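Report on one structure; see the data block that follows.
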Amino acid sequence: MDLNMHLNAPHSMGTTIIGVTYNGGVVLGADSRTSTGMYVANRASDKITQLTDNVYVCRSGSAADSQVVSDYVRYFLHQHTIQLGQPATVKVAAYLVRLLSYNNKNILETGLIVGGWDKYEGGKIYGIPLGGTLIEQPFAIGGSGSSYLYGFFDQAWKEGMTKDEAEQLVVKAVSLAIARDGASGGVVCTVVINLEGVTRNFYPGDKLQLWHEELEPQNSLLDILNSPSPEPMNI
Amino acid sequence: MSKSVVEVPPKGGFSFDLCKRNEMLANKGVNPPSFRKTGTTIVGLIFQDGVILGADTRATEGPIVCDKNCEKIHYMAPNIYCCGAGTAADTEAVTDMVSSQLQLHRYHTGRESRVVTALTLLKRHLFNYQGYVSAALVLGGVDVTGPHLHTIYPHGSTDTLPFATMGSGSLAAMAVFESKYKEGLTRNEGIELVTEAICSGIFNDLGSGSNVDVCVITKGGKEYLRNHLQPNPRTYTSSKGYSFPKKTEVLLTKIIPLKEKVEIIEGGDAMEE
């Protein structure tokens, strides 16, 4: 591996990001891995960033581009909220994100999922992939890990889920994607947005359900070091 | 990219045409002159009272070590320091520039600088140059909101972490941190862990070497431990000594001091028109 490869490779978030509506609000979910080439630069990054009190965005693609876009949109929405005199709607937030994405499509490389709750339309999810399309969807998936989830969502998603069902679906989906996608990993973060407000939840990687061919962690060197009489590795 | 038929007025901002030309030339085998990089291992960690930053001291120019004892921990503000990896000129220039901007901001607001201010100034600048300013930084400091540690990548993305490593030796240093870091380290434990991580980079990475610099920043103040550890002393000196052949014969030595004697006249008349 070239000495300077990971100094100059763009910092990208391999990622799995998901946004799902349920009756009463939305649930956003993401993994936490940021990679630079083949190295995991940050194993505990927060990809769900706040735009306003009631609207959050899931970021994927180039870390720099998505951070800058969300910073600009947060600033514009703050001004808009002051001028409007009431909380911004999810539609306006998504529209601003799309304007930036579309007008700078030659420079930017970022896919975003905007999700939130407002009093006019309730919970809404807007997907804004590369290129700057704006599409309102009942659920949206993005990032490199989403390739493994299209079939899963076709089968598992249904209208009118409860909050807990929706959150469990999101956690299961992100954990399935983490199992198959090398560029996704770490922990699962979820953000639930509804009439009552915003709740952040955190599911550490080792507490997730094990899937096909996934093994229990065993005979880790740290266990051997800490245990009184180390046993040889069993295969 | 399709050519547009409509004439579009030129937009403001940096023009990357020459960068594209350089890439094209590099593909054809014409390489630019090698510039001085800091191969580097730089680290930072948060301990119970604040932040500790560490760096090695080798600067390379291609395969040659051009500076065996350079300073990679740059001053940003009295309570904020920044370690830099990548092209030495870029890290020096960008940290100097943001340090001046922070000073002006301090005069303007009358308050101590915050780490997030330095972070935003740096990331905006680096993003605007789309990764061509090759500076990878570990920014750490303590302000009114508490201790903060951030990493900044050349493309402008940032991460906020309790412990961080950057540079070519980052993998070696991160391995040490991942095994030994825990929350609530004391000052001495923190310095020892940082030193161990940098040494791991010095001994296992070809781009890092020489000595270990450490900087401890707490609410009370900062302590810059330059050459805290010197594990690579010069071990061979020729017993005959080093002499250089005299080429020019000295005919006359005359030393003239530059300071002129100035006479001060007390009193005197005020200037009148």
Side-chain angles (χ1 to χ4, degrees), chain A residues 1-15 32-47 49-50 59-72 74-75 100 103-110 131 185-187 205 220-226, chain B residues 1-2 4 11 13-14 16 34 37-40 42 60 62-63 84-87 90-91 116 119-120 123-124 126-137 150-171 174 177-180 205-208:
Chain A
M1 191 164 80
D2 179 24
L3 249 188
N4 298 319
M5 191 209 79
H6 48 257
L7 264 188
N8 292 323
H11 202 43
S12 91
M13 299 177 298
T15 308
S32 71
R33 177 174 290 185
T34 314
S35 46
T36 324
M38 285 286 121
Y39 178 62
V40 176
N42 187 352
R43 60 179 167 88
S45 45
D46 181 16
K47 302 184 188 179
T49 45
Q50 183 183 24
R59 302 180 289 111
S60 77
S62 154
D65 292 348
S66 66
Q67 279 177 11
V68 160
V69 166
S70 53
D71 282 349
Y72 271 117
R74 194 182 311 126
Y75 165 63
L100 280 174
N103 289 330
N104 297 297
K105 60 158 73 190
N106 295 326
I107 308 163
L108 296 173
E109 190 195 301
T110 170
V187 305
S220 146
L221 182 65
L222 290 173
D223 291 339
I224 295 175
L225 285 175
N226 292 334
Chain B
M1 243 167 53
S2 59
S4 60
K11 285 189 187 162
F14 191 74
F16 292 97
S34 71
K37 285 182 140 311
T38 49
T40 307
I42 48 174
T60 53
T87 308
D90 286 340
T91 58
V116 286
L119 179 72
T120 310
K123 70 152 49 178
R124 276 306 137 74
L126 291 174
F127 181 78
N128 285 339
Y129 286 88
Q130 288 288 295
Y132 288 103
V133 172
S134 175
L137 310 165
H150 303 282
T151 53
I152 309 166
Y153 285 80
H155 286 263
S157 57
T158 58
D159 287 314
T160 309
L161 295 162
F163 55 91
T165 66
M166 294 280 256
S168 55
S170 62
L171 268 65
M174 186 51 96
F177 273 172
E178 285 281 22
S179 357
K180 298 194 176 167
D205 173 44
L206 299 179
S208 314

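Just so we're clear, the structure is a prediction, and the values are computed from it rather than from any experiment. Here is the naming used below: chain letters follow the sequence lines, and residue numbers restart at 1 for every chain. Just so you know, these numbers use all the heavy atoms, side chains as well, and skip hydrogens, waters and symmetry mates.
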| Around Y75(A), counting heavy atoms of other residues, nucleotides and ligands shown, do more than 12 lie under 6.0 Å from its OH? |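 Not buried by this count: 12 neighbours or fewer within 6.0 Å.
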| task | Measure the spacing between OG of S62(A) and OH of Y153(B) and express it to the nearest 0.5 Å. | result |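 Rounded to the nearest 0.5 Å, the OG-OH separation comes out at 13.0 Å.
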| said: Which atoms of T165(B) are under 4.5 Å from chain A, going by heavy atoms: the side chain, the backbone, both sets, or neither? | reply: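 The answer is the side chain of T165(B).
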| request: Looking only at non-hydrogen atoms, find the nearest pair between A64(A) and H155(B) and report the distance. | output: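 Of all heavy-atom pairs spanning A64(A) and H155(B), the closest is CB-O, 3.1 Å.
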| request: Check K123(B) against D71(A) and note the closest heavy-atom contact, atom names and distance. | output: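 Nearest heavy atoms, K123(B) then D71(A): NZ-OD2, 3.5 Å.
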| Is the NZ or CZ atom of R43(A) both under 6.0 Å from the centre of the six-membered ring of F163(B) and within 45° of that ring's axis? |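 Not satisfied by the 6.0 Å and 45° rule.
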| message | Within the 4.5 Å heavy-atom criterion, are Y39(A) and M174(B) side-chain neighbours or not? | response |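 They are in side-chain contact.
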| query | Which bit of D65(A) is near chain B, if near means a heavy-atom gap under 4.5 Å: side chain, backbone, both or neither? | reply |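 Backbone plus side chain of D65(A), per the 4.5 Å heavy-atom cut-off to chain B.
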